[in-house]
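In this chain, numbering begins with 1 at the start of the sequence shown.
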Amino acid sequence: MIATPLIEIIKRPSIRKAEKPDVIMSCMDYVIICQVIKRLNEIDMRDDELSFLLGKPNNYVFSFIIKPSDKNRFHEDQLDLLPFILECPFSKIFVNDTQSGNIQLYHTKNIDEDGYKGFSHIVYSPNGDGTRIIWKKKNAPKGSTRKTNKAILALLKNWIDQGYFEQKRDALEIFKKIKAQGMFKFRISDIEKCMKILCGSRQALLQKDSVDGVLRYWRNEILEKMPEISAETIHSYLAKP
């Protein structure tokens, strides 16, 4: 299975300082982003998997929130979800001794070289010492594909037939329900791949759209009711190593 690499964190000394910063943001917003990156690496979760559970496109966390040249932040409703998704206490994300006020980011730029993509910026201490912060990850190999988790796909198809997707469901709801089954190990990206298949033109069993800023999935009503998938079929997939 081809997986999106984790985010690398690199810190290097720097002495250059521009006349004015590229971005000014609150210290807490900056610390939250740093802690999320750190926690993703600790639990082996990809940024695109977090994006999926937040109901956003794959590049949302890395190319929108983490990108330091923009003033994007996690929204309040997303902040409430982060400790649950990242399996940690609030204090792991919202560090108690974070200083008040703002932080200034200098020399923000994109990184697109040597098979990597990412972003860098410089922060300066009160005494003027600068540190370049680099957040980057390897590009996925060209032509690479992710293997479909057939057990997850069979389970989701069965839920479609049972009426679970008669209501609009978000990715986090779906993840919680699958996790509660406790029947097999899986990555969050396995669910995302299966949802993409079910919403694709070839199967078109589900449709999706953004509702109040969150992607939701529901049964494609224009299709005839699909044949019921037997429990034996599902268990045969679950029994496979």
Side-chain angles (χ1 to χ4, degrees), residues 2-9 23 25-26 28-88 90 92-94 108 110-112 117-119 135-140 146 148-149 152 156 164-165 167-179 186-201 206-220:
I2 302 297
T4 304
L6 298 178
I7 300 171
E8 297 183 30
I9 305 170
V23 173
M25 61 191 302
S26 75
M28 179 57 75
D29 285 335
Y30 181 76
V31 167
I32 289 172
I33 292 174
C34 293
Q35 291 300 107
V36 167
I37 294 173
K38 179 180 178 181
R39 186 60 183 161
L40 286 171
N41 289 336
E42 289 175 347
I43 63 174
D44 188 31
M45 181 182 291
R46 274 54 175 177
D47 60 276
D48 57 322
E49 293 178 316
L50 175 57
S51 297
F52 174 70
L53 292 183
L54 292 175
K56 298 295 184 180
N58 282 354
N59 64 345
Y60 176 77
V61 170
F62 189 74
S63 298
F64 186 75
I65 297 296
I66 291 178
K67 186 177 181 180
S69 58
D70 292 336
K71 297 181 180 181
N72 303 313
R73 312 286 185 271
F74 286 108
H75 301 310
E76 184 175 350
D77 55 343
Q78 295 171 337
L79 294 176
D80 292 336
L81 299 175
L82 288 177
F84 172 79
I85 294 175
L86 299 177
E87 302 174 358
C88 64
F90 266 74
K92 188 79 173 181
I93 305 298
F94 308 92
T108 60
N110 295 348
I111 296 174
D112 188 9
K117 61 181 178 181
F119 314 98
W135 296 323
K136 68 177 185 177
K137 64 178 183 178
K138 287 184 178 180
N139 295 319
R146 292 175 294 166
T148 301
N149 187 319
I152 295 286
L156 290 170
Y164 176 71
F165 287 99
Q167 298 182 38
K168 296 180 179 181
R169 308 288 185 176
D170 62 43
L172 189 56
E173 288 180 89
I174 298 166
F175 166 72
K176 288 179 180 178
K177 185 173 175 64
I178 295 176
K179 188 175 181 179
F186 63 92
R187 289 199 67 94
I188 298 165
S189 57
D190 293 336
I191 305 175
E192 188 271 335
K193 172 70 180 296
C194 291
M195 297 305 293
K196 186 176 181 179
I197 292 172
L198 295 172
C199 293
S201 58
L206 295 175
Q207 51 188 322
K208 67 176 180 179
D209 201 358
S210 180
V211 180
D212 297 328
V214 175
L215 286 173
R216 299 184 186 274
Y217 306 83
W218 65 97
R219 181 181 171 81
N220 193 338

As an exercise, state the distance from NZ of Lys117 to NZ of Lys138, rounded to the nearest 0.5 Å. 14.0 Å

What are the two closest non-hydrogen atoms of Pro68 and Phe119, and how far apart are they? CD-CB, 3.3 Å

d(Ile33 CD1, Ile93 CD1) to nearest 0.5 Å is 11.5 Å

Over 12 non-hydrogen atoms of neighbours within 6.0 angstrom of NZ in Lys38: no

Take Leu53 and Leu81, measure what side chain to side chain contact (heavy atoms under 4.5 Å, CB included) needs, and give me the verdict at the end. CA-CA 9 Å; Leu53 292 183; Leu81 299 175; over 6 Å; no

Hey, does Asp48 have a side-chain heavy atom less than 4.5 Å from the side chain of Val61? no

Would you check, one step at a time, whether the test side chain to side chain contact (heavy atoms under 4.5 Å, CB included) holds for Ile7 with Ile66? CA-CA 11 Å; Ile7 300 171; Ile66 291 178; 3.7 Å; yes

What I'd like to find out is whether the side chain of Met195 reaches to under 4.5 Å of the side chain of Phe52, using heavy atoms alone. yes

Here the pair of heavy atoms bringing Tyr217 nearest to Leu215 is CE1-O, 4.2 Å

Taking the side chain as every heavy atom from C-beta outward, state whether Glu173 and Tyr164 have any pair of such atoms under 4.5 Å apart. yes

Is there side-chain contact between Glu8 and Lys137, with at least one heavy-atom pair below 4.5 Å? no

Begin with the C-alpha distance, continue with both residues' side-chain angles, and end with the deciding distance and a verdict on side chain to side chain contact (heavy atoms under 4.5 Å, CB included) for Asp209 and Trp218. CA-CA 9 Å; Asp209 201 358; Trp218 65 97; 3.6 Å; yes

In terms of heavy-atom contacts, does CG of Asp212 have more than 12 from other residues, nucleotides or ligands at under 6.0 Å? no

Would you say the side chain of Arg46 lies within less than 4.5 Å of the side chain of Arg187, judging by non-hydrogen atoms? yes

Do Arg39 and Met45 come close enough that some side-chain heavy atom pair is under 4.5 Å? no

Could you pull out the closest heavy-atom pair between Leu54 and Phe74, with the gap in Å? CD1-CE2, 4.1 Å

State, with a plain yes or no, whether a side-chain heavy atom of Val36 is found less than 4.5 Å away from one of Leu50. yes

Here the gap from Tyr30 atom OH to Arg73 atom CZ, rounded to the nearest 0.5 Å, amounts to 11.5 Å

With distance as the sole test, does Lys208 use its side chain to make a donor-acceptor pair with the main-chain N or O of Asp170 at under 3.5 Å? no

How many angstroms lie between NZ in Lys176 and CD1 in Ile174, if you round to the nearest 0.5 Å? 12.0 Å

Heavy-atom closest pair (Phe62 atom, Gly118 atom, distance to 0.1 Å) is CZ-CA, 3.6 Å

Walk me through whether Phe175 and Ile85 qualify under side chain to side chain contact (heavy atoms under 4.5 Å, CB included). CA-CA 10 Å; Phe175 166 72; Ile85 294 175; over 6 Å; no

What's the separation between atom CG in Asp47 and atom CG in Asn59, rounded to the nearest 0.5 Å? 9.0 Å

Is there a side-chain contact between Asp44 and Leu6 (heavy atoms, below 4.5 Å)? yes

Which heavy atom of Pro57 sits nearest to which heavy atom of Ser51, and what is that distance? O-CB, 3.2 Å

Contact list for residues 191-201, test salt bridge (Lys or Arg N to Asp or Glu O under 4.0 Å), sequence neighbours left out: Arg146-Glu192

What's the separation between atom NZ in Lys179 and atom CD1 in Ile188, rounded to the nearest 0.5 Å? 8.0 Å

